[in-house]
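First the structure, in the form of structure tokens, and then the observations on it.
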Amino acid sequence: MALPLGAIEDAIEHTESLFAALGPGTVSTAAPAVLQALRVLVIRLAQLDTVYCGLGRHVSASGEQISSTLTVSLHEYGEPRNPRLTLGDVLQGRCAAGEMFENAEFVDVAGRVVLLLDHVRAAPTPELPGYDTSDTDTEQAVYQLEAVVPAPDGSAIAVIEFSTPFTDHGEEFLSTMLIMVASLEFVLGPQPSMTPFSLDL
């Protein structure tokens, strides 16, 4: 399910009215807090040049129902150069910033080099009205898999990020990530000096 990255306030207001129409109950009680948290999230994602954000429900290899988020963002990255040099700078910069990864690999996907990263990080456990979280840890482990895809001239990057709190199943989605990478295309904008690239997802 795609989340709105434009007309955010209208989308949140419309969704609030749908939950309100359900009448009193656990879901409608929790909805305002959840929607406000979602509002903050999508506004911040839009500010970070995110071009797609979605929520997913899947069935794992063991048959377990799991949830996930997927974001795709587009960033300018300096002057044209060898895309491998761009990816090398991305990795060096993130390591220098203190990020640590379980795996960091350069792989060839559909004839272009891509940087794959994965790690497990700690995220705050949300507090939702109507749900007792007193026996829940204040932090929750989240598995993140990222693919950093350079533009053909190395002057921009697209970052595809898959996240799930079901950490034991995260690596099952590597093949899905590679399919998304293979399908992604950079499209040269009509005014390169202002908007060099957009993405065809």
Side-chain angles (χ1 to χ4, degrees), residues 1-19 27 29-58 66-78 86-87 89-91 93-101 115-129 131 133 136-151 155-167 170 173 176-177 180-181 184 186 189 194-201:
M1 179 183 70
L3 298 179
L5 293 170
I8 295 171
E9 299 294 349
D10 290 342
I12 294 294
E13 182 177 340
H14 175 66
T15 307
E16 283 180 333
S17 67
L18 294 178
F19 279 112
V27 173
T29 300
V34 173
L35 290 172
Q36 286 309 307
L38 193 60
R39 173 182 174 275
V40 172
L41 170 65
V42 293
I43 287 175
R44 182 56 178 155
L45 287 174
Q47 293 170 343
L48 294 174
D49 299 321
T50 302
V51 296
Y52 175 83
C53 177
L55 305 178
R57 292 283 289 174
H58 321 272
I66 69 175
S67 58
S68 70
T69 61
L70 179 73
T71 62
V72 183
S73 56
L74 175 64
H75 312 275
E76 295 182 35
Y77 213 85
T86 298
L87 292 182
D89 277 359
V90 170
L91 181 58
R94 294 185 62 172
C95 289
E99 292 191 64
M100 301 180 66
F101 304 100
L115 173 60
L116 289 180
L117 307 165
D118 75 339
H119 61 162
V120 176
R121 68 177 184 86
T125 300
E127 296 183 5
L128 302 177
Y131 292 85
T133 58
T136 305
D137 291 337
T138 58
E139 291 187 335
Q140 181 177 31
V142 177
Y143 174 83
Q144 290 187 325
L145 172 64
E146 293 181 58
V148 183
V149 186
S155 67
I157 59 171
V159 181
I160 307 173
E161 181 181 289
F162 169 88
S163 301
T164 179
F166 297 84
T167 56
F173 294 89
T176 303
M177 175 67 80
M180 288 188 287
V181 169
L184 187 147
F186 288 83
M194 296 177 60
T195 310
F197 288 103
S198 62
L199 291 177
D200 186 4
L201 303 175

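When a residue number appears, it is its place in the shown sequence, counting from 1. Nothing here was measured: the structure is a model prediction, and the numbers come from that model.
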Worksheet item: Distance from Ile12 atom CD1 to Leu35 atom CG, nearest 0.5 Å?
Response: 5.0 Å
Worksheet entry | ring pair (Phe, Tyr, Trp, His ring centres under 6.0 Å) partners of His58, counting only residues at least two apart | Phe173
Just distance, no hydrogens or angles: give the donor-acceptor pairs under 3.5 Å from side chains in residues 40-50, sequence neighbours left out.
| unit_1 | atom_1 | unit_2 | atom_2 | d |
| --- | --- | --- | --- | --- |
| Arg44 | NH1 | Gln47 | OE1 | 3.3 |
| Thr50 | OG1 | Leu45 | O | 2.8 |

Worksheet entry | Pair Phe162-Gln144, side-chain contact (heavy atoms from CB on, under 4.5 Å): steps then yes or no | CA-CA 6 Å; Phe162 169 88; Gln144 290 187 325; over 6 Å; no
Practice prompt. Only counting residues at least two apart or in another chain, list the ones meeting ring pair (Phe, Tyr, Trp, His ring centres under 6.0 Å) with His75.
Written response: none
Item to complete: Mind running side-chain contact (heavy atoms from CB on, under 4.5 Å) on Ser163 and Tyr143 for me, showing each step along the way?
Response: CA-CA 6 Å; Ser163 301; Tyr143 174 83; over 6 Å; no
Worksheet entry | Gap separating the CG atom of Leu70 from the CG atom of Leu145, nearest 0.5 angstrom | 10.0 Å
Practice prompt. Dump the intermediate steps for side-chain contact (heavy atoms from CB on, under 4.5 Å) on Thr86 and Ile157, then the final yes or no.
Written response: CA-CA 8 Å; Thr86 298; Ile157 59 171; 3.7 Å; yes
Fill in: Interatomic spacing from CZ in Phe166 to OG in Ser68 - rounded to 0.5 Å
9.5 Å
Fill in: All side-chain contact (heavy atoms from CB on, under 4.5 Å) counterparts of Ala123, not counting sequence neighbours
Arg121, Val142
Practice prompt. Output the distance between atom CG (Leu117) and atom CG (Leu91), rounded to the nearest 0.5 Å.
Written response: 6.5 Å
Fill in: Minimum-distance pair of heavy atoms, taken over all atoms of Pro165 and Ser67
CD-O, 3.8 Å
Response to the item:
Looking only at heavy atoms, the pair that brings Ala158 and Leu184 closest together is CB-CD1, 4.0 Å
Discussion item. Contact between Thr71 and Tyr52 at the side-chain level, heavy atoms closer than 4.5 Å - yes or no?
Written reply: no
Discussion item. If the condition is ring pair (Phe, Tyr, Trp, His ring centres under 6.0 Å), which residues does Tyr77 pass it with, not counting sequence neighbours?
Written reply: none
Worksheet item: What is the minimum heavy-atom distance between Ser155 and Gly78, and which atoms define it?
Response: CB-O, 3.3 Å
Response to the item:
Residues at least two apart in sequence or cross-chain that pass side-chain hydrogen bond (donor to acceptor under 3.5 Å, both in side chains) with Glu13, listed by chain then number, are none
Discussion item. To the nearest 0.5 Å, what is the distance between CG on Leu3 and CG on Leu5?
Written reply: 7.5 Å
Item to complete: Locate the shortest heavy-atom distance separating Thr164 from Gly170; write the atom from each residue and the value.
Response: CG2-CA, 4.1 Å
Practice prompt. Can you tell me which residue pairs pass the salt bridge (charged side-chain N to carboxylate O under 4.0 Å, His left out) test with a partner in residues 155-164, sequence neighbours excluded?
Written response: none
Worksheet item: Just wondering, do Ile160 and Val181 contact through their side chains at under 4.5 Å, heavy atoms?
Response: yes
Worksheet item: Looking only at heavy atoms, which two atoms of Phe101 and Cys95 are closest? And how far apart?
Response: CE1-SG, 4.4 Å
Discussion item. If the condition is side-chain hydrogen bond (donor to acceptor under 3.5 Å, both in side chains), which residues does Arg94 pass it with, not counting sequence neighbours?
Written reply: Glu99, Glu146
